[in-house]
Amino acid sequence: VIFCAAVLHIHKIKTDERILQYLPNKSEMKEGLSILSDKFGGIHMFKIEIDSNKLNGANDAEFLAYLIEIHKITEKHKKVSAVYSYAQLVSQVNEKFIEAIDHSSFSFLKKVVSAESKKGEIQIPSPLVMSTISNVLNIYNPSGIELLLDKNSQKSTMFIRTKDMPSEEYVALINEIVSESEKIKPKAYKINLLEGIHEYMAKENQIKESLIYSYISSICPIFLMLFILFRSVTVSLVLVIINAAAVAMMLGFTGYMGISLNSITVLAGSLAFGVAVDDSIHLINQFQIYRSKMSVEEAIKGTYETKN
């Protein structure tokens, strides 16, 4: 009954490749990362590169407008805690620039250089102001601007910080944001998801598949090894079935309890399976030694006493 109930829950097995999953619950590092995650809205961040395919194209109004649209789309997701983009930086500098003009003797120029937008919204500077902002950023904050813009002002990188979530949800969120950005993308532009931990997380399905495949594919070699060792189909089948049933129960229990697997737990499971088969060989071998000298009941008792 227990075996059948466990097997029915194998399909519920989940995998999770988050950093926090590898750390003990009471470890100082895990507590520190959890605090950082709570304070800053998550420890995971992915990057999207948008290519204008044009020298200095990242400073064009059309390109900035597209960055703003991606920014808005991304911020709508509940799991996204922060978005950092070149358009956002330019808008903040532009806002300060307009305020400075408004409080100077050149306040009459405010309507000429400012764009119509509500306060707090990301706004696109007028062409007259954009060239000034670009020069100011390159002169006074070159290291900072390099994170968001390449040297030719052709490509812009957007940083997106997310709240902590299972790796499957994290990868799905990234794919959704990229897909939404592609839908509204002008033909000349290109979007590229840059390398990050999400690539490692995306392989979690392979972990589940490789786990099940490794267990299934190992049954035949193990059966053949046991048959060569004991010269008995019955004994070999019994050992394989018992150990395979134990593995199936373990996987089913894992799925039922909602325990997530990762690379380490999968490796530990494979090692445990190997140890179980090895112990079975020792047990049967000891039983055969006693069986040649005594009855079945005495042989079983002697085997368990010897092998604990």
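Computed from heavy atoms alone, side chains included, the values below leave out hydrogens, waters and symmetry copies.
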Trainee: State plainly whether one hydrophobic cluster holds both Leu194 and Ile48, where clusters connect Ile, Leu, Val, Met, Phe, Trp and Tyr through side-chain heavy atoms under 4.5 angstrom apart.
Mentor: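 Each belongs to a different hydrophobic cluster.
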Trainee: Which of these, Ile50, Ile145, Thr157, sits in a side-chain contact (heavy atoms from CB on, under 4.5 Å) with Tyr86?
Mentor: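 Only one option passes, and that is Ile145.
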Trainee: So do Ile70 and Val83 actually touch side chain to side chain, heavy atoms under 4.5 Å?
Mentor: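 The answer is no, as the side chains (C-beta and beyond) never meet within the 4.5 Å cut-off.
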Trainee: Go through Lys190 and Asn53 one step at a time and tell me if the side-chain contact (heavy atoms from CB on, under 4.5 Å) criterion holds.
Mentor: CA-CA 8 Å; Lys190 293 181 180 179; Asn53 273 326; 3.7 Å; yes
Trainee: Report the residues that fulfil salt bridge (charged side-chain N to carboxylate O under 4.0 Å, His left out) with Asp60, sequence neighbours left out, ordered by chain and then residue number.
Mentor: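 Only Lys54 meet the salt bridge (charged side-chain N to carboxylate O under 4.0 Å, His left out) criterion with Asp60.
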Trainee: Following the transitive rule for hydrophobic clusters with a side-chain heavy-atom cut-off under 4.5 Å over Ile, Leu, Val, Met, Phe, Trp and Tyr, establish whether Ile300 and Ile289 coincide in one cluster.
Mentor: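 As far as the 4.5 Å side-chain criterion goes, Ile289 and Ile300 are not connected within one cluster.
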Trainee: What is the ring orientation for Tyr170 with Phe46, classed by angle as parallel under 30°, tilted 30 to 60°, or perpendicular over 60°?
Mentor: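 Rings of Tyr170 and Phe46: perpendicular, as their planes differ by over 60°.
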Trainee: Looking at every non-hydrogen atom in both residues, tell me the closest pair between Ala58 and Ser52 and how far apart they are.
Mentor: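 Here Ala58 and Ser52 meet closest at N-OG, 3.8 Å.
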Trainee: Where do Ile284 and Val238 land on the side-chain contact (heavy atoms from CB on, under 4.5 Å) test, with the steps shown first?
Mentor: CA-CA 11 Å; Ile284 295 299; Val238 169; over 6 Å; no
Trainee: Would the distance check show the side chain of Asn243 and the main-chain N or O of Leu239 forming a donor-acceptor pair, the cut-off being under 3.5 Å?
Mentor: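 A pair under 3.5 Å: yes.
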Trainee: Determine whether Leu283 and Ile242 fall in the same hydrophobic cluster, where Ile, Leu, Val, Met, Phe, Trp and Tyr are linked whenever their side-chain heavy atoms lie under 4.5 Å apart.
Mentor: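 No, Leu283 does not connect to Ile242 through the hydrophobic network.
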Trainee: Would you say the side-chain atoms of Ser134 pair up with the backbone N or O of Met130, donor to acceptor, closer than 3.5 Å?
Mentor: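 Looks like no, no N/O pair under 3.5 Å.
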Trainee: Can you list the residues that meet the ring-ring contact (aromatic ring centres under 6.0 Å, His included) rule with Tyr189, with sequence neighbours excluded?
Mentor: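 Residues passing ring-ring contact (aromatic ring centres under 6.0 Å, His included) with Tyr189: Phe63, Tyr66.
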Trainee: Please round to the nearest 0.5 Å and tell me the distance separating atom NE2 of His77 and atom NZ of Lys163.
Mentor: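 Going from NE2 on His77 over to NZ on Lys163, the span is 13.0 Å.
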Trainee: Quick one: does Val296's side chain get under 4.5 Å of Arg291's, heavy atoms only?
Mentor: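 Of all side-chain heavy-atom pairs linking Arg291 with Val296, at least one is under 4.5 Å.
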Trainee: Could you grab the distance from atom NZ of Lys47 to atom CG of Leu148, nearest 0.5 Å is fine?
Mentor: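 That separation rounds to 11.0 Å.
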Trainee: Show the nearest heavy-atom pair for residues Ser85 and Met158, with the distance to one decimal.
Mentor: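 What the structure gives for the nearest pair is CB-CE, 3.6 Å.
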Trainee: Can Ile281 and Leu226 be said to form a side-chain contact (heavy atoms from CB on, under 4.5 Å), step by step?
Mentor: CA-CA 8 Å; Ile281 293 173; Leu226 292 172; 3.5 Å; yes
Trainee: With rounding to the nearest 0.5 Å, note down the distance linking CD in Glu69 to OG1 in Thr74.
Mentor: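 It comes to 10.5 Å.
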Trainee: State plainly whether one hydrophobic cluster holds both Val235 and Met225, where clusters connect Ile, Leu, Val, Met, Phe, Trp and Tyr through side-chain heavy atoms under 4.5 angstrom apart.
Mentor: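 Yes.
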Trainee: According to a hydrophobic-cluster definition based on side-chain heavy atoms being under 4.5 Å apart (Ile, Leu, Val, Met, Phe, Trp, Tyr only), do Ile43 and Ile35 belong together?
Mentor: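 No, Ile43 and Ile35 fall in different hydrophobic clusters.
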Trainee: Determine, step by step, whether Ile73 and Ile177 satisfy the side-chain contact (heavy atoms from CB on, under 4.5 Å) criterion, reporting the C-alpha distance in whole Å, the side-chain angles of both residues, the deciding distance to 0.1 Å, and the verdict.
Mentor: CA-CA 7 Å; Ile73 287 172; Ile177 290 173; 5.5 Å; no
Trainee: For the pair Ser81 (side chain) and Arg161 (backbone), establish whether a donor and an acceptor sit closer than 3.5 Å, ignoring hydrogens and angles.
Mentor: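 Yes, Ser81 side chain to Arg161 backbone: donor-acceptor pair under 3.5 Å.
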Trainee: What's the separation between atom CD1 in Ile174 and atom CD1 in Ile160, rounded to the nearest 0.5 Å?
Mentor: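 Going from CD1 on Ile174 over to CD1 on Ile160, the span is 8.0 Å.
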Trainee: Identify which one of Ser156, Ser181, Ser91 satisfies the side-chain contact (heavy atoms from CB on, under 4.5 Å) criterion when paired with Leu67.
Mentor: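 When Ser156, Ser181, Ser91 are each tested with Leu67, the side-chain contact (heavy atoms from CB on, under 4.5 Å) holds only for Ser156.
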Trainee: Quick one: does any side-chain atom of Asn192 pair with a main-chain N or O of Glu49 as donor and acceptor, under 3.5 Å?
Mentor: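 The answer is no, because no donor-acceptor pair under 3.5 Å joins these two groups.
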Trainee: Nearest 0.5 Å please: distance from the CD1 atom of Ile133 over to the CG atom of Asn59.
Mentor: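 So the CD1 of Ile133 and the CG of Asn59 are separated by 9.5 Å.
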Trainee: Could you grab the distance from atom CG of Leu64 to atom NE2 of His71, nearest 0.5 Å is fine?
Mentor: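 Answer rounded to 0.5 Å: 13.0 Å.
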